[in-house]
Amino acid sequence: MNSARIRSVLIYILIIVAIVVLLFQLRQQPQAQSLPLNKVAEAVRNGEVEKIVVDGNVLKITYRNNRAIAESRIQPNGTVFEQLAAFNVTPEQLQEVTVEFKPPSELNSILTFLGYMLPALLVVGVIWFMLRQAQGTNNQALSFGKSRARMFNSDHPTVTFDDVAGVDEAKEELKEIVEFLKEPDKFIALGARIPKGVLLVGSPGTGKTLLSKAVAGEAGVPFFSISGSEFVEMFVGVGASRVRDLFDQAKRHSPCIIFVDEIDAVGRHRGAGLGGSHDEREQTLNQILVEMDGFDTDTNIIVIAATNRPDILDPALMRPGRFDRRVVLDRPDMKGREQIIKVHVRGKPLASDVDLTTLAKATPGFVGADLENMVNEAAILAARRNKKAISQKEFEDAIERVIAGPERKSRIISEEEKRVIAYHEAGHAVVMHAIPEADPVHKVSIIARGLTGGYTLALPEEDRTLYSKKKFEADLAGLLGGRVAEELVFGDITTGASNDMERVTKIARSMVTRWGMSAKMGPMVYGQKEELVFLGREIAEQRDYSDAVAEQIDNEVRELVNSAYERAKAILIQYREQLDAVAQRLMEVETIDAAEFERIFPSPFGGTKGRKRTPLLMPTGERPAPSLPQAPAPAPA
């Protein structure tokens, strides 16, 4: 609840309390008849009065017959006896009456005062509240063009560079920026100019925002944080006004840092044909360009921006003088993943069998967000299993959960369908195990996970950035192994290989049209990708070749796929005994790990094959496969 709402609630409470006190004070006052003093004297003379209570200058009379109460007042300059005597009341008559003198009561005085003042205070409070509400509405209207950036001080930093791992080069670049802000004289003495801006570029989850938080924790200067979408409003000129206000605040707190997250929300190419040249987004971008490198830029302000689409940013925003540095946050390698896992397991109880190096090897293609999710899933699994520490088993299960989704053991399938899935996954595993360029099989399972009916998980022995033609041909054969196994064993085919064929077709077409891996088509790229700049995504492929060339491309793609199909078929015919053994074991235990698979089907190459690639998941079922972390090359995942 914000402060304005709290104030409103308190005001309402005070008004209610005031009304309750006023009503209570009014109820406490006795309902008495007011009489003149001569009538009181007459009642005393007639013996009708039983008791008189003197409360200051007020007489409270109680009658004998009906014990009714009446009130009268005496003059403040005389006693009650003297004033009654003036009306021919004798002392003997007064002796028949009980006279009590009540001491002055502060509570009565306060209640009397409140009885007069509360209505006035209530009216004043209501008027004040209405004025404040009107003033608040007016302030909101006046602050519509003000910046919504949040300023942070690094007195108590929550994130530092020690909490960021796997991006050592990016950390060095930003440590230099922090050092420039802390000790500018060392750089100025050599004629160095402080960078105007730093652009953090990387895939989602690589740690761009986390790294900016670490800069805020290390810099020791004010840090303004804002999202690119917070500039843009429906009204033209509001975004530009907010940019001016943001930089005005930054200049007052100079030296400082401004962090703009998702800058592509306002930094896209101008003149894209959408919205004309005077729309709100372009006005905002123009103001950012002027503030970063206009006439009045002699200030120690560094702008740090983050985006995962640098290709759609305006060239004027990317030039030196605005963003002098571009820091790329790539997917971490095995060493980087191990460092990231170490950061995320801090403070978590780990079992003695946990090997972080093995976990780093088993998670190629994972970014920082994936690894954080994996560690969190492992902790949840350990808690669900009532363990006091997280073991290696929980981490391995968490990796599969992140890649393929949770297990669906409750899914009921027939024995015949279970047998088809077992042979399908065994076909994938046997074909990959028999090809030296394929990745080693890590696990085979017919337990449904997420959207898949079963999966074969093959993991590389180390990271890789370059992919050969032989590697892709091995992947094509491995992906088709499930379809071939169904055909060989059952003499029929199912829809279980639908996703496999989609990926096979995509890889084969990319080999021909994008990577120049076709001898007939040559080392050329066929087709140009069109991008919708405003949305920042591909929408179509523009053909720059003739129909005759398109027919040749189709023939080459078909040739690659058919060749891979025949290769997988030859392997499964050769190793039919091992195929049956693996499928039978899957029917019994549902999941086979690497060691057990090696016992059933020893390597035909006499040892470990030096095969490397990104994770390969072979799902069964016609549903699409889950989205997996991938290396830059579009290998199957």
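Just so we're clear, the structure is a prediction, and the values are computed from it rather than from any experiment.
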Trainee: Kindly write out the residues that satisfy salt bridge (charged side-chain N to carboxylate O under 4.0 Å, His left out) with R401, not counting sequence neighbours, or none if the list is empty.
Mentor: E377
Trainee: Could you check whether any side-chain N or O of H442 sits under 3.5 Å from a backbone N or O of D593, counting only pairs where one atom can act as donor and the other as acceptor?
Mentor: no
Trainee: I'd like to check E437 versus E473 (side-chain heavy atoms, cut-off strictly below 4.5 Å). Are they in contact?
Mentor: no
Trainee: Between E218 and V178, is there a donor-acceptor pair closer than 3.5 Å when you use the side chain of the first and the backbone of the second?
Mentor: no
Trainee: With a 3.5 Å distance limit and no angle check, can you tell me whether E556 reaches the backbone of M521 through a side-chain donor-acceptor pair?
Mentor: no
Trainee: Are D475 and Y467 close enough that a side-chain donor and a side-chain acceptor fall under 3.5 Å?
Mentor: no
Trainee: Evaluate K342 against L356 for side chain to side chain contact (heavy atoms under 4.5 Å, CB included), listing each step before the verdict.
Mentor: CA-CA 8 Å; K342 287 181 180 179; L356 300 185; 3.5 Å; yes
Trainee: Less than 4.5 Å apart, side chain to side chain, heavy atoms only: is that true for V444 and H428?
Mentor: no
Trainee: Using residues 206-213 as the side-chain source, report each donor-acceptor pair under 3.5 Å to any protein atom, sequence neighbours left out, with the distance given to one decimal.
Mentor:
unit_1 : atom_1 : unit_2 : atom_2 : d
T206   : OG1    : S203   : O      : 2.7
K208   : NZ     : G202   : O      : 3.2
K208   : NZ     : S203   : O      : 3.2
T209   : OG1    : D261   : OD2    : 3.3
S212   : OG     : T209   : O      : 2.6

Trainee: Between R576 and V489, is there a donor-acceptor pair closer than 3.5 Å when you use the side chain of the first and the backbone of the second?
Mentor: no
Trainee: Is it true that a side-chain atom of T456 and a backbone atom of E425 form a donor plus acceptor pair closer than 3.5 Å?
Mentor: yes
Trainee: So does E559 get a backbone contact from the side chain of S563, meaning a donor-acceptor N/O pair under 3.5 Å?
Mentor: no
Trainee: Taking the side chain as everything from C-beta on, heavy atoms only, tell me whether L200 gets closer than 4.5 Å to L174.
Mentor: yes
Trainee: Give, for atom CG of L586 and atom OG of S445, the distance between the pair rounded to the nearest 0.5 Å.
Mentor: 7.5 Å
Trainee: Kindly give the heavy-atom pair with the smallest separation between A477 and A568, and that separation in Å.
Mentor: O-CB, 3.6 Å
Trainee: Decide yes or no for E502 and K506: does some side-chain heavy atom of the first lie under 4.5 Å from some side-chain heavy atom of the second?
Mentor: no
Trainee: Less than 4.0 angstrom from a charged side-chain N to a carboxylate O is my criterion; do E590 and K418 meet it?
Mentor: yes
Trainee: Can you tell me how far the CG atom of N308 sits from the CG atom of L329, to the nearest 0.5 Å?
Mentor: 11.5 Å
Trainee: Does R268 reach the main-chain N or O of D314 with its side chain, forming a donor-acceptor pair under 3.5 Å?
Mentor: no
Trainee: Report yes if the side chains of I592 and V582 come closer than 4.5 Å at any heavy-atom pair, otherwise no.
Mentor: yes
Trainee: Kindly compute the distance separating CZ (R558) from OG1 (T505), expressed to the nearest 0.5 Å.
Mentor: 10.5 Å
Trainee: Any chance you could lay out the salt bridge (Lys or Arg N to Asp or Glu O under 4.0 Å) test for K387 and E394, step after step, and finish with the verdict?
Mentor: CA-CA 10 Å; K387 293 187 176 182; E394 277 73 49; 2.9 Å; yes
Trainee: Do you know which of I304, L317, T307 makes side chain to side chain contact (heavy atoms under 4.5 Å, CB included) with L199?
Mentor: T307
Trainee: Grab the two heavy atoms, one from A422 and one from I446, that are nearest each other, plus how far apart they are.
Mentor: CA-CG2, 3.7 Å
Trainee: Please name all residues satisfying side chain to side chain contact (heavy atoms under 4.5 Å, CB included) with S546, sequence neighbours left out, ordered by chain then number.
Mentor: A548, V549
Trainee: Can you tell if the side chain of L488 reaches within under 4.5 Å of the side chain of Y423, non-hydrogen atoms only?
Mentor: no
Trainee: Locate the shortest heavy-atom distance separating V431 from G481; write the atom from each residue and the value.
Mentor: CG2-CA, 3.9 Å
Trainee: Distance from R503 atom CZ to L476 atom CG, nearest 0.5 Å?
Mentor: 11.5 Å
Trainee: Answer yes or no: is there an ion pair linking R325 with E176, defined by an N-O contact shorter than 4.0 Å?
Mentor: yes
Trainee: So, are D168 and K335 salt-bridged, with charged N and O less than 4.0 Å apart?
Mentor: no
Trainee: Show, in sequence, the C-alpha distance, side-chain angles and deciding distance for W515 and F472, and conclude whether the ring pair (Phe, Tyr, Trp, His ring centres under 6.0 Å) test is met.
Mentor: CA-CA 11 Å; W515 304 324; F472 286 124; 4.6 Å; yes
Trainee: Taking side chain to side chain donor-acceptor pair (under 3.5 Å) as the test, write out the residues that go with D554, two or more places apart.
Mentor: R509
Trainee: If every non-hydrogen atom of A485 is compared with every non-hydrogen atom of G427, which pair is closest and at what distance?
Mentor: CB-CA, 3.9 Å
Trainee: Got T513 and V525 here, is their nearest side-chain heavy-atom distance under 4.5 Å?
Mentor: no
Trainee: Salt bridge or not between D397 and K393? Use side-chain N to carboxylate O under 4.0 Å.
Mentor: yes
Trainee: Does any donor atom in the side chain of H344 or N373 lie under 3.5 Å from an acceptor atom in the other side chain?
Mentor: no
Trainee: For D544, what residues pass the side chain to side chain donor-acceptor pair (under 3.5 Å) criterion, not counting sequence neighbours?
Mentor: Q528
Trainee: Step by step, work out the side chain to side chain contact (heavy atoms under 4.5 Å, CB included) result for I600 and R585.
Mentor: CA-CA 9 Å; I600 299 174; R585 187 58 179 166; 3.8 Å; yes
Trainee: V343: which residues meet the side chain to side chain contact (heavy atoms under 4.5 Å, CB included) condition with it, sequence neighbours left out?
Mentor: A165, R346
Trainee: Is there side-chain contact between I340 and F366, with heavy atoms separated by less than 4.5 Å?
Mentor: no
Trainee: Could you state the interatomic distance from CG (L350) to CD (Q392), rounded to the nearest 0.5 Å?
Mentor: 10.0 Å
Trainee: Which heavy-atom pair separates R483 from Y565 by the least distance, and what is that distance?
Mentor: CG-CE1, 3.9 Å
Trainee: To the closest 0.5 Å, what do you measure between CD1 (I571) and NE2 (H433)?
Mentor: 11.5 Å
Trainee: Considering residues, nucleotides and ligands other than K175, do more than 12 of their heavy atoms fall under 6.0 Å from its NZ?
Mentor: yes
Trainee: So V375 and F395, side chain to side chain contact (heavy atoms under 4.5 Å, CB included) or not? Walk me through it.
Mentor: CA-CA 7 Å; V375 173; F395 280 110; 4.2 Å; yes
Trainee: Which atom names give the shortest non-hydrogen contact between E598 and S603, and what distance separates them?
Mentor: OE2-N, 2.8 Å
Trainee: Got a donor-acceptor contact below 3.5 angstrom from the D324 side chain to the P320 backbone?
Mentor: no
Trainee: Examine distances only and state if a side-chain atom of R337 and a backbone atom of P332 form a donor-acceptor pair shorter than 3.5 Å.
Mentor: yes
Trainee: Please lay out, stage by stage, how E372 and N376 fare under the test side chain to side chain contact (heavy atoms under 4.5 Å, CB included).
Mentor: CA-CA 6 Å; E372 181 184 12; N376 185 61; 5.6 Å; no
Trainee: Keeping the roles fixed (side chain from D580, backbone from E577), state whether a donor-acceptor pair exists under 3.5 Å.
Mentor: no
